[in-house]
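This is a predicted model, so every value here is computed, not measured. Positions are given from 1, in the same order as the sequence printed here.
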Amino acid sequence: EVGEWERMQQDAGAMSAHALQAALTALNVSSPTTGNPLSEPFPFNLMFQTSIGPTGTSPAFLRPETAQGIFTNFRRLLDYNGGRL
């Protein structure tokens, strides 16, 4: 079972949501905190979506650590532009 667990850890990124759910069920994986069964896997995006360009119609995706600059620099940009953005 340890070998199967290690193989699944290596292959988890390439598995479909259905295959991952089947593997987790077969290995009887549950929440370490509550012992409850895990919910079904679902796709999600950790990237932060924003708009770029003069019209703001072009989507762009930023990593969370780079996207924080949008928020931390907002006040400075607002002051620099005379209260208008």
Do Tyr80 and Leu78 come within less than 4.5 Å of each other through their side chains, counting heavy atoms only?
no
Shared ILVMFWY cluster between Ile52 and Phe61, side chains joined below 4.5 angstrom?
no
May I ask you to check whether over 12 heavy atoms, not counting those of Asn28, lie within 6.0 Å of atom CG?
no
Same hydrophobic cluster for Leu46 and Phe42, using side-chain heavy-atom links shorter than 4.5 Å among ILVMFWY?
yes
Please answer: with hydrophobic residues joined when any side-chain heavy atoms are less than 4.5 Å apart, are Leu24 and Leu27 in the same cluster?
yes
Testing the basics here: between Gly35 and Ser30, what is the closest heavy-atom pair and its distance to 0.1 Å?
O-CB, 3.5 Å
Please report the closest heavy-atom contact between Gln21 and Ser39, naming both atoms and the distance.
OE1-O, 3.7 Å
Please confirm whether the backbone N or O of Met47 pairs with a side-chain atom of Asn45, one donor and one acceptor, at under 3.5 Å?
yes
Between the main-chain N or O of Gly56 and the side-chain N or O of Ser51, is there a donor-acceptor pair closer than 3.5 Å?
yes
